[in-house]
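Here the structure is a predicted model, which is why all the values come from computation and not from measurement. Residue indices begin at 1 and follow the sequence shown.
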Amino acid sequence: MFTGIIETVGTVAKIVFQDDKARMRVDTNPQFSRFEMGESIAVNGVCLTVVDMGEHWFAMDLTTETLNCTSFKQVKEGSRVNLERALTPAKKMSGHFVTGHIDSVATVVGIDEKPGEVLFRFEHPPELTPYLIEKGSAAVDGISLTVFDCRDNCFTVSIIPFTLEHTNLNDRKTGDAVNIECDMIGKYVIRACETVFGGSARGADISPDFLKQQGFYDKE
């Protein structure tokens with residue numbers, strides 16, 4: 001479990017692809033060190049396991065599923081990646097609950113620099129639409145962000161200078177792929193509604209008549 005608050009930015013020192021799998025080594029700084037074999041680290045929002053390490057680097061294996069469901073296929077040596085260690089009881093919860101299990105890959109379709117902020121707009125697959133709501137949370141490459149202007153299979157986030165400086169968003173350009181994890185609580189709410197109501201609760205079929213039939217709405 002993670003919080004979406006990036007601790008540092010590392011650099012991909014080496015990535016070797018073989019048989020639809022890969023091993024990736026990430027170099028870090030002295031403040032992000034002392035790794036343990038088997039510990040979980042979120043790399044661009046993806047929960048990965050440390051399988052090898054040195055004083056200021058660690059390596060992890062990328063499975064076929066990981067490569068198919070994330071943006072790691074586009075990662076190259078020299079790419080900067082967002083890093084966060086797993087949540088502990090003593091860690092401050094400044095973001096939101098992030099599992100490190102990516103829902104989909106989105107594409108940067110707009111970057112608008114404004115005084116005091118930069119607006120990034122992302123296009124995502126249609127199946128993510130129910131989980132991205134106005135003023136809700138989402139993790140973009142592991143960064144806990146508030147989404148707005150959610151329409152036409154797109155959403156926007158506002159990035160302050162501090163976040164831009166301390167994450168790899170400063171490297172992003174139009175057309176780049178990013179990892180998206182939707183808010184875990186929202187996903188559980190939708191699943192619970194599907195279980196209670198039967199079928200899908202994601203569409204536009206929920207109306208006052210529907211809620212009245214289910215006993216949630218009795219206003220005449």
When hydrophobic residues are tied together by side-chain contacts of less than 4.5 Å, even through go-betweens, does Leu169 share a cluster with Ile111? yes
Is the cationic atom of Arg85 (NZ for Lys, CZ for Arg) positioned less than 6.0 Å from the six-membered ring centroid of Phe32 and within 45 degrees of its normal? yes
In sequence, state the C-alpha distance, the side-chain angles, and the governing distance for Arg121 and Asp149, and then conclude on side chain to side chain contact (heavy atoms under 4.5 Å, CB included). CA-CA 9 Å; Arg121 189 153 180 81; Asp149 195 14; 3.4 Å; yes
May I ask whether Ile159 and Leu119 are part of the same hydrophobic cluster, defined by side-chain heavy atoms of I, L, V, M, F, W, Y residues being less than 4.5 angstrom apart, directly or through others? no
Which distance, rounded to the nearest 0.5 Å, do you find between the CD1 of Ile41 and the CE of Met53? 10.0 Å
Do the non-hydrogen side-chain atoms of Arg25 and Phe58 ever get within less than 4.5 Å of each other? no
Could you check whether any side-chain heavy atom of Phe72 comes within less than 4.5 Å of a side-chain heavy atom of Val43, counting everything from C-beta outward? yes
Would you say the side-chain atoms of Asn44 and Asn168 include a donor-acceptor pair closer than 3.5 Å? yes
Indicate yes or no for a side-chain donor-acceptor contact from Glu123 to the backbone of Val108 under 3.5 Å, with no hydrogens or angles considered. no
Judged by atom type as modelled, is there a donor-acceptor pair below 3.5 Å linking the side chain of Glu39 to the main-chain atoms of Glu36? yes
With a 4.5 Å limit on heavy-atom distance, are the side chains of Cys182 and Leu132 in contact? yes
What distance separates Glu84 CD from Thr167 OG1, expressed to the nearest 0.5 Å? 12.5 Å
How long is the straight-line distance from CG of Asp20 back to OG1 of Thr66, given to the nearest 0.5 Å? 12.5 Å
Check: Phe2 and Ser144 side chains under 4.5 Å, non-hydrogen atoms: no
Which heavy atom of Ile102 sits nearest to which heavy atom of Ser104, and what is that distance? CG2-O, 3.2 Å
Close side-chain approach of Thr163 to Ile143, heavy-atom, < 4.5 Å: yes
So Val118 and Phe120, side chain to side chain contact (heavy atoms under 4.5 Å, CB included) or not? Walk me through it. CA-CA 6 Å; Val118 178; Phe120 282 80; 3.5 Å; yes
Between CD on residue Glu7 and CD1 on residue Ile5, distance to nearest 0.5 Å: 10.0 Å
Taking 4.0 angstrom as the limit, do Asp103 and Lys187 come out as a salt bridge? yes
Do the side-chain N and O atoms of Arg80 and Thr11 include a donor-acceptor pair separated by under 3.5 angstrom? no
Write down the atom of His166, the atom of Ile6, and the distance for their closest heavy-atom approach. O-CG2, 4.0 Å
From Leu62 atom CG to Ile15 atom CD1, the distance as rounded to the nearest 0.5 Å: 5.5 Å
Are Val12 and Leu67 linked, directly or through intermediate hydrophobic residues, by side-chain heavy-atom contacts shorter than 4.5 Å (ILVMFWY only)? yes
For a quick check under 3.5 Å, do Ser71 and Asn179 share a side-chain donor-acceptor pair by atom type? yes
Side-chain H-bond candidate by donor/acceptor type, Thr99 with Glu181, under 3.5 Å: yes
Thr3 and Phe97: CA distance, side-chain angles, deciding distance, side chain to side chain contact (heavy atoms under 4.5 Å, CB included) verdict: CA-CA 5 Å; Thr3 69; Phe97 288 117; over 6 Å; no
Do Phe122 and Leu128 land in one hydrophobic cluster if side-chain heavy atoms of ILVMFWY residues count as linked below 4.5 Å? yes
Taking all non-hydrogen atoms of both residues, which atom of Gly10 and which atom of Val26 are closest, and how far apart? CA-CG1, 4.1 Å
Are Met60 and Arg23 side-chain neighbours, meaning at least one heavy-atom pair lies under 4.5 Å? no
Linked, directly or transitively: Val109 and Ile180 (ILVMFWY side chains, under 4.5 Å): no
Under the side chain to side chain contact (heavy atoms under 4.5 Å, CB included) rule, what do Val105 and Val178 come out as? Steps first, then yes or no, please. CA-CA 6 Å; Val105 174; Val178 295; over 6 Å; no
Decide whether Thr8 and Asn29 meet the rule of one side-chain donor and one side-chain acceptor closer than 3.5 Å. yes
What distance do Glu117 atom CD and Asp112 atom CG have between them, rounded to the nearest 0.5 Å? 8.5 Å
Taking every heavy atom of Ala22 against every heavy atom of Phe17, the minimum-distance pair comes out as CB-CD2, 3.7 Å
With side chains defined as the heavy atoms from C-beta onward, is the minimum distance between Leu87 and Val98 less than 4.5 Å? no
With a 4.5 Å limit on heavy-atom distance, are the side chains of Asp183 and His96 in contact? yes
Asp176 side chain to Thr107 side chain, donor-acceptor N/O pair below 3.5 angstrom: no
Glu55 and Ser33: side chain donor to acceptor below 3.5 Å: no
Please give me the minimum heavy-atom distance between Phe35 and His56, naming the atom from each residue. CE1-C, 4.4 Å
